[in-house]
Amino acid sequence: MNTHASRSLQPTRWNFLAGWGLKNNPVLQRELLVNLRTNRAFILLAVYQILLAAVTWVAWPSDDHLDLTQNPPSARRLVDLFFLGQYVIASLIAPSFAAGTISGEKERQTYEMLLASPLRPGAIVIGKLVAALTHLALLIVASLPIIVLFLPLGGVSVYEVAAAYLGLFVSVILFGSIGVFCSSYFSRTSNSLVVSYLIILPLVIGGVLMWQALAADGLLRLKVIVFVVPAFAISAVILMCAATASRLLYPPDVGSEGKEIVDLEQEAAQAVGLVIQPDQFPDRLFAPPRRDSLMEDGANPVYDKEIHGEIFSQGTLMLRLVIQISILLAIPLMGVLLFWKTPLAPWFAVYVIVFNLLVGPVFLAGAFTSERERQTLDMLLTTTLSPWRIFWGKFVVGFRVAFVLTSFLVWPMLLGLLLNPDFYSNWGLVAGMFAIPVMVAIVNAFVAITASLYQVRTSMALMTTYVVLLMLYVVPAGLNTLVTTLNLPATTQRVVDLIGVSSPFRALFALPMDHHLLRVDEVSQAYPGNYVLVLGYFACSVAIIVVSLILIAAKMKRLGGHRE
């Protein structure tokens with residue numbers, strides 16, 4: 001009787017797994033084999049462990065005597081930094097694995113074969129999602145031995161650690177689902193990646209603020225992470241996976257090589273929210289209409305082709321989403337940072353920089369790699385155009401589009417600075433809040449197009465750009481936060497300040513602010529700023545541009561000799 005019951009339950013269990021696409025799923029098996037056997041998987045795991053170990057070694061409490069019965073605050077700060085660091089790293093890595101799951105099939109011209117397979121759409125989506133997140137889950141699990149070292153220090157309980165890992169895993173699944181969801185709507189991985197980052201950005205900010213706000217009440221934070229966060233995340237994951245599966249079940253019209261047919265007039269008629277009108281201002285600045293007349297004499301045909309045709313080659317969905325999401329975030333930030341919490345005003349410029357950091361490289365990282373992927377670079381080089389003319393045509397178009405999109409966020413900042421009288425006596429701060437984002441936009445453009453020249457695939461050029469910019473911008477700021485939080489020696493602070501000249505975030509918070517903006521009574525309490533750090537940032541940015549131009553000139557010389 002019992003034997004018969006156990007046998008009857010066996011098919012049910014396997015049918016349940018099969019229904020979720022986890023049993024004999026060829027998509028899952030193939031993706032796992034490809035992803036986990038690459039050299040990148042082992043290198044990333046090793047680098048991740050080394051970074052965590054280095055942070056733990058640097059941030060380890062230096063107290064001569066630790067009273068473990070009193071929950072030392074240094075141990076508590078260490079654990080908070082550990083989990084917040086993992087949370088931010090997971091938010092950066094998850095979209096890079098998931099955003100190309102479906103758009104990558106379109107780029108590899110295998111999308112039609114995937115749709116024609118006997119697999120259910122739900123099985124395809126689950127297989128892609130699980131395979132994309134498995135590597136990231138291994139990274140999180142690999143950090144367990146390090147967190148075990150923190151437990152004897154006190155300051156945090158086992159239940160809080162378990163809840164933090166639960167919230168981390170749930171967040172990773174949510175971020176991966178967002179990447180897969182966006183991947184189904186775009187034909188290019190770069191487009192789905194940047195939209196995924198823009199959607200995830202407010203979630204990451206909200207998560208960090210919630211973690212810090214509930215630091216004083218560990219029990220409440222435990223309840224929120226265990227009950228509220230999973231309920232919200234699981235609901236969102238189910239809805240996005242269902243929408244993605246439905247899109248695979250009823251795909252849009254597909255032409256040759258799995259490329260979607262985009263009718264701009266029909267897309268504009270069906271668009272929800274913002275509609276781009278190429279013949280009107282300011283839309284024509286970044287997406288002018290297609291040319292219906294002959295080019296002028298002496299015009300650069302590469303520039304003309306890129307600005308009039310390439311921007312709209314995949315439709316306007318990505319541009320519309322980027323503009324709408326960025327403006328929706330900018331409006332509340334303007335009210336909070338430029339009117340209510342004026343001492344935090346540089347954070348609005350930080351938002352502008354982060355936006356350009358995410359969006360700007362998309363329009364330049366594929367400038368030359370897209371020609372290689374279409375196998376048209378050799379034909380382009382055999383024309384009468386010089387390599388430098390081709391380069392400047394592509395560079396100006398990419399920089400123009402990225403700069404105009406970033407300027408949409410500058411208008412709220414300009415409006416807030418003009419309407420708030422507290423900024424009238426802070427001309428140094430105001431000038432820096434405009435000059436630093438402009439310099440960031442220029443540096444981002446040169447780094448992205450340099451990566452496009454030296455990489456073969458657009459996805460690799462984009463990831464290379466992000467890695468380089470994160471090392472230049474985020475790592476120095478993170479080191480400064482670590483040093484100040486843990487009260488490390490002054491010699492360490494001086495070394496971090498020297499490294500910080502490459503970070504625009506350090507430069508922004510080194511701008512001066514008077515007592516009106518800080519809202520203090522005493523004039524002596526004004527912040528004088530650190531002009532050496534600000535000037536050092538601009539000097540370092542000019543040096544980065546010079547190095548990029550040297551690398552570009554070396555590559556242009558090779559392209560001119562047709563030795564590519």
Side-chain angles (χ1 to χ4, degrees), residues 205 330 332-357 406-407 409-444 469 472-485 487-545:
I205 296 175
L333 287 177
M334 178 186 68
V336 173
L337 300 177
L338 302 182
F339 291 96
W340 182 28
K341 299 287 187 179
T342 53
L344 303 178
W347 281 102
F348 193 92
V350 170
Y351 172 65
V352 177
I353 292 174
V354 170
F355 175 82
N356 188 269
L357 174 65
T406 306
S407 300
L409 302 182
V410 176
W411 287 109
M413 183 168 67
L414 179 62
L415 181 64
L417 297 178
L418 291 176
L419 294 180
N420 192 345
D422 291 338
F423 289 98
Y424 293 172
S425 58
N426 289 269
W427 293 109
L429 174 67
V430 173
M433 289 178 64
F434 285 99
I436 292 175
V438 171
M439 180 60 73
V440 168
I442 298 173
V443 172
N444 293 351
L469 295 179
L472 292 174
Y473 298 168
V474 179
V475 171
L479 290 176
N480 181 69
T481 302
L482 185 66
V483 169
T484 55
T485 302
N487 297 322
L488 295 181
T491 55
T492 307
Q493 181 67 56
R494 286 194 292 269
V495 173
V496 171
D497 288 338
L498 182 62
I499 300 175
V501 295
S502 66
S503 175
F505 305 127
R506 294 294 313 278
L508 277 173
F509 290 99
L511 296 173
M513 289 188 286
D514 66 5
H515 65 287
H516 296 292
L517 196 63
L518 293 174
R519 296 182 177 178
V520 293
D521 297 331
E522 299 293 336
V523 178
S524 59
Q525 295 179 357
Y527 177 61
N530 187 347
Y531 288 100
V532 175
L533 185 59
V534 176
L535 295 177
Y537 163 72
F538 284 100
C540 182
S541 298
V542 172
I544 294 172
I545 294 173

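Counting begins at 1 with the first residue of the sequence. None of these values were measured; they are calculated from a predicted model.
- The list of side chain to side chain donor-acceptor pair (under 3.5 Å) pairs with a residue in residues 529-543, not counting sequence neighbours, is empty.
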V440 vs L357, side-chain contact (heavy atoms from CB on, under 4.5 Å): CA-CA, chis, key distance, verdict:
CA-CA 8 Å; V440 168; L357 174 65; 5.8 Å; no
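- The distance from atom NE2 of H515 to atom CG of D422, rounded to the nearest 0.5 Å, is 9.5 Å.
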Anything under 3.5 Å between a donor and an acceptor, one on a side chain of residues 497-511, the other on a protein residue two or more places apart or in another chain? List them.
| unit_1 | atom_1 | unit_2 | atom_2 | d |
| --- | --- | --- | --- | --- |
| D497 | OD1 | Q493 | NE2 | 3.0 |
| D497 | OD1 | R506 | NH2 | 2.8 |
| S502 | OG | L472 | O | 2.8 |
| S502 | OG | I499 | O | 3.4 |
| S503 | OG | Y473 | O | 2.7 |
| S503 | OG | F505 | N | 3.3 |
| S503 | OG | R506 | N | 3.4 |

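- Looking at heavy atoms from C-beta onward, M433 lies out of side-chain contact with N426 at the 4.5 angstrom threshold.
- Taken from CG in L415 to CG in N420, the straight-line distance is 11.0 Å, to the nearest 0.5 Å.
- Nearest heavy-atom pair across T406 and N356 is OG1-ND2, 2.8 Å.
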With a 3.5 Å cut-off and sequence neighbours excluded, list the donor-acceptor pairs that the side chains of residues 333-355 form with protein atoms.
| unit_1 | atom_1 | unit_2 | atom_2 | d |
| --- | --- | --- | --- | --- |
| T342 | OG1 | L517 | O | 2.8 |
| T342 | OG1 | R519 | NE | 3.2 |
| Y351 | OH | S326 | O | 2.7 |

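- Taking 4.5 Å as the limit, every side-chain heavy atom of H516 sits out of range of all side-chain heavy atoms of Y424.
- Side-chain contact between L418 and F423 is absent, with no heavy atoms from C-beta onward closer than 4.5 Å.
- Residues L429 and M513 approach most closely at CD2-CG, 3.8 Å, considering heavy atoms.
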